[in-house]
Amino acid sequence: MEKYNHRAVEAKWQQRWEEAGVFAAKDLTPARSAVRSMAGGSASSSSHPLSASRSSPSGRGSNSVYVLDMFPYPSSDGLHVGHPEGYTASDIVARYMRMNGKNVLHPMGWDAFGLPAENAAIKKGVHPRIVTEQNVNNFKRQIKSLGFSYDWSREVNTTDPRYYKWTQWIFLQLFKMGLAYEAEVPIWWCPKDKTGLANEEVVNGCCERCGTKVERKKLRQWLLRITKYADRLLAGLEKLDWPESIKALQRNWIGKSEGAEVVFEVGSMEYEVWGKGGERVADTMQFVPELVPLVLNGSKFKTYRFFEPKNVRKGDSVEFINASTKESFAMARITKVEKRNFIDIPLHDKGHEPDVSIEARRKRYEGYYKKIVNNDTPVWIYSFILEKTKGKARFRIKSGMTDKKKHSVPVFTTRPDTLFGATYLVLSPEHPLVDMITSEKQKKAVEKYKKDVASKTDLERTSLEKEKTGVFTGAYAVNPVNNEKIPVWIADYVLMSYGTGAIMAVPAHDERDYEFAKKFKLPILKVIKPPSVMPKNPVETIISPGGWGHLGSELESDCWTGEGTMVNSGKFDGLLSEKGRKKIIEWLEHEGKGRFAVNYKLRDWVFSRQRYWGEPIPLVHCPNHGVVPVPEDQLPVLLPDVEKYEPTGTGKSPLAGMKEWVQTQCPLGDGPAERETNTMPQWAGSCWYYLRYLDPKNEQALADPETMKQWLPVDVYVGGAEHAVLHLLYSRFWHMALYDAGVLPKDVGDEPFIKLKNQGLILGPDGEKMSKSRGNVINPDPLIAKFGADSFRMYEMFMGPFEDAKPWSTNGIVGVRRFLQRIWNIAHSGRVQKTTLIEDPNLRRRHIYTASIEYGIDSFKFNTCVSELMKWSNSWDEPTKDAYVDKDEFEVFLKLLSPFAPHISEELWSKLGHGTLLVQEEWPIFNRDLIRPSEVRIAIQVNGKLRGTVTMPSGSAKHDVEAAAKAEPNVAKYLNGKPKKVVYIKDRLLNYVV
RNA sequence: GGGCGGGUGGCGGAAUUGGUAUACGCGCAUGCCUUAGGAGCAUGUUCCGAAAGGAUUGAGAGUUCGAGUCUCUCCCCGCCCACCA
């Protein structure tokens, strides 16, 4: 018998399909379409014979279906076995849809900008364009060898100027919408290579290329305001048919949390009045370095200790001014500068006595400013409140700084109910206020700590085992809820990038704060009482050794992060956490000391790369007009050829070295301007490629709106889960922005991908993740050459559930190959004959398998589809096999096989004498009535144990089945006397309970 | 620490969604065929047992006539995120 020669067959049909152009998607827009309408198609509204009905694969209900793969980055390693997994799945869906009469758009392209090509170019001394071209050619050859049904006429390449013209155009739209802005943000910096690095290039805190320890460095960057879309990106997930895990990842990445922003005054202070004889009533506090306590002396009223700004000297005068009227009411002159720069100031009354009828005058004195005058120049202004505490008058300075230097430190907390337990404040070391509040004494320690932190990698900073570190700034803050003074620390466990970069530390109810407080001996105040938990089953708990006691002690531990009842919280005592949160927020808002706040982990998208191989950002910097967009009619801004792709050493992209390219004219006038030399990140091109496939040659627009209406949104999107948060989030963001800008028609909607499926990772044969270093990488090329594309495709589908990770087994592909060979043999055996059996069980068989495979494709259970096809073919070879295989049945089989193994199916189809192409045949329709069997095998159980089976006409009544069951000797054996109960599930099972 | 997924033969995995567990394939065993090659064909293959029979879906309990599937407790594995306030 002829051996199946996959090489010849596969090459032949790939060529035939291409010649016939059978995979071209048809644009139906009036303007451009020559092909008006497709045949109506016979899309069957099938569902699994034994399950509920399914929804249509197309969310739009239109006849046009968009089946999209995540386009690959054409690396120099060539195709990985993981690529064809997703491509095969989407190809099966696309072919299935086509056979169902759908007009299918199934395109492929190249995400070709990026660092690996650039690095390879530097290494080889070739232009990145050449490297990219070679890689693309190799990828294309490999992908084509698998016989996927792509419409290659729509191929896109992100590095093609005709493509990136529109990437730049989109950037300009974002810029005009205020979604792009410039800022200095820290990035990884390699001091040896003198270049900024992408996060992916930092390995274990070292530069991937030279191994030097990287540093944080602030660089001017372009950022995209994705945070503006945080809520929409979050809410939009609800309506998407995406894997829950991916949705969860995006939710987590966006990281919305609700709580309160509480404003702590740093540098605001309590100020104690000194007694009549100059004796001190209470401690003064030093809050900020510039504000050293002073002594106000010589007054006929009181001596006050006050502050000395560095530039206040003996002889300077101090004036008290009414905040609202600006009228001065008291004067003082600095008479004495004490050690540590204490100064005595005599206070001259101008008609107000602060110590008389305090309560009555309280209102009047509130809001007075104190103004220290130095050579008639106001230096500091303080406001203060008169209070009466334990019968003694005191001034409390509300704010220790001028309006300009007022240090209000907002912190974000999800647990405002624990506010009374905030015993210290922690700022991130990078917090801009740190330098301003650090005391002289602590300056050195703070500087050193900041430097240490700056040199740490994120890994070191966040490693679990790491002990908490931090230093005291010397400054204090006031807890707004109880006016307690609390110290201000800096520590690297507080991240500048999240929230406000500052936290209120509640060591009694937060594990990190607890750990920190323990180490630095900071006060711990419990303000939440854990709920008293009653065990569900008291008896069990008493029996279980230490159970209740252990649980109890856990609840009594020093750090309780759960909910509970508020204690030590003034008037909020007794409230449950949840209610307390609301009440505290109400109080804060009422007092103007805080507000309800929502916080996101999501940060704006750093959109600049100091690299060569990317889209130039289409902006110029003009001395007169600032940042000016390049006019749209001047796009694309071509990526110029440079001699060196190496970074210039200035931290700018190699483009900065191209003087003649950088220097240009300002579009708004004839003045000189410089081009932006940063390039876009690799994600830019992939953000919108699915739009360009629709209309890849359009030079007037990124795509024709009518065409977009026809195809969008994407019906099925298949790709790896590794893009869960980056590409898939960025892409949604751009789509929403373009939608808002009116670039996308309204009908298209603001979500690009309706249904998403992730292929699971293919692991190496050892069950480990494939990697070069492990040496367990499988190269598809030799396998395709040896077993054929059909075997390869089918094995990848057969390996296991599409979305699960599964190990590769080259033995496994052999089994699939044998199966295809058997099909080949049957087709050539002469057994395939036309028969005319109406009541043939085979007729039923073909309908069952059609239903089952259709269900499998709809639900991405391709592994069971393959198994069904194998079972089907086995049924022709069973010992009871018919001499002939019904030709109609075999043809139905080939149609169902064809999405999985298209080449061999096509070949056998033609060998059966068809002049048509199988890919253009109609998908078989199954008849539900024919699926129902005439006879069923019913399980007979006694007490739930299988004791026999009986074969009965389907739909038999209970007593008939019972009669048959009792006739079974093995069943009768177990039935003594009358059964207590008899359960009958129609056509399935009979269970005697005895 | 958080989120998600999972645990079924020697291996990849199936199981009509609460109804005959181990389909399909790999591997293995025996035999056949052959100019031995990682080819083809046939039969067998969850485990224990010669058999009758019994046991079995990570462990334990519960609901049920009936549990791989539902509920609870616990154990283990994988992936992703992670000092996120």
Donor-acceptor pair between A:R928 and A:H847 side chains, under 3.5 angstrom = no

key: B:G25 OP1/OP2 closer than 4.0 Å to side-chain N/O of A:N874   = yes

inquiry  = Using atom C1' in both nucleotides, what's the gap between B:U16 and B:C11 to the nearest angstrom?
reply    = 26 Å

remark   = The Watson-Crick or G-U wobble partner of B:U73, with both key distances under 3.5 Å, is B:A59

Ring-face cation contact, A:F787 with A:R817, 6.0 Å cut, 45° max = no

Nearest-nucleotide pick for A:N252, side chain only, options being B:C81, B:C4, B:C24 = B:C81

message = Between A:E515 and A:K518 (salt bridge meaning N to carboxylate O under 4.0 Å), is one present in this structure?
response = no

Watson-Crick or G-U wobble mate for B:A52, both contacts under 3.5 Å = none

query = C1' atom, B:G9 versus B:C47: distance in rounded Å?
reply = 8 Å

note = Against the side chain of A:K806, the closest entry in B:G13, B:G53, B:C80 is B:G13

inquiry  = Work out how far the C1' atom of B:G13 is from that of B:C48, and round it to whole angstrom.
reply    = 24 Å

ask   = Can a salt bridge be assigned to the pair A:E868 and A:K861 using a cut-off of 4.0 Å between side-chain N and carboxylate O?
value = no

query = What integer distance in Å separates A:D804:CG from B:G5:P?
reply = 12 Å

task = With heavy atoms under 4.0 Å as the rule, sort A:R251 into base, sugar-phosphate or nothing.
result = nothing

query = Do A:K958 and A:Y984 meet the cation-pi criteria used here (NZ or CZ under 6.0 Å from the six-membered ring centre, within 45° of the axis)?
reply = no

query = Under a 3.5 Å cut-off for both distances, is B:A67 Watson-Crick or wobble paired, and to whom?
reply = none

inquiry  = Heavy atoms within less than 4.0 Å of RNA chain B: which residues of residues 498-506 of chain A have one? Give them sorted by number.
reply    = A:Y498, A:I503

key: Rounded interatomic separation in angstrom, taking CD1 from A:I940 and C1' from B:U20   = 10 Å

Touch class at under 4.0 angstrom, heavy-atom based, for A:R603 against every strand present = nothing

ask   = Going by an N to O cut-off under 4.0 Å, is there a salt bridge joining A:R947 and A:E968?
value = no

note = Partner of B:G37 under the Watson-Crick or G-U wobble criteria, both distances under 3.5 Å, comes out as none

ask   = Think A:R932 has a side-chain N or O under 4.0 angstrom from the OP1 or OP2 of B:U16?
value = no

Residues A:D417, A:R415: salt bridge by 4.0 Å N-O rule = yes

key: Rounded distance in Å between the C1' positions of B:U57 and B:A67   = 11 Å

query = For B:A29, which nucleotide in any strand shown is its Watson-Crick or wobble partner with both distances under 3.5 Å?
reply = B:U43

request  = Scan A:N599 against the nucleic acid and name what it touches under 4.0 Å (heavy atoms): base, sugar-phosphate only, or nothing.
outcome  = nothing

query = Taking the chi torsion of B:U57, is it syn (within 90° of 0) or anti (everything else)?
reply = anti

query = Could A:K593 and A:E261 be called an ion pair, given the rule that one side-chain N must be under 4.0 Å from one carboxylate O?
reply = no

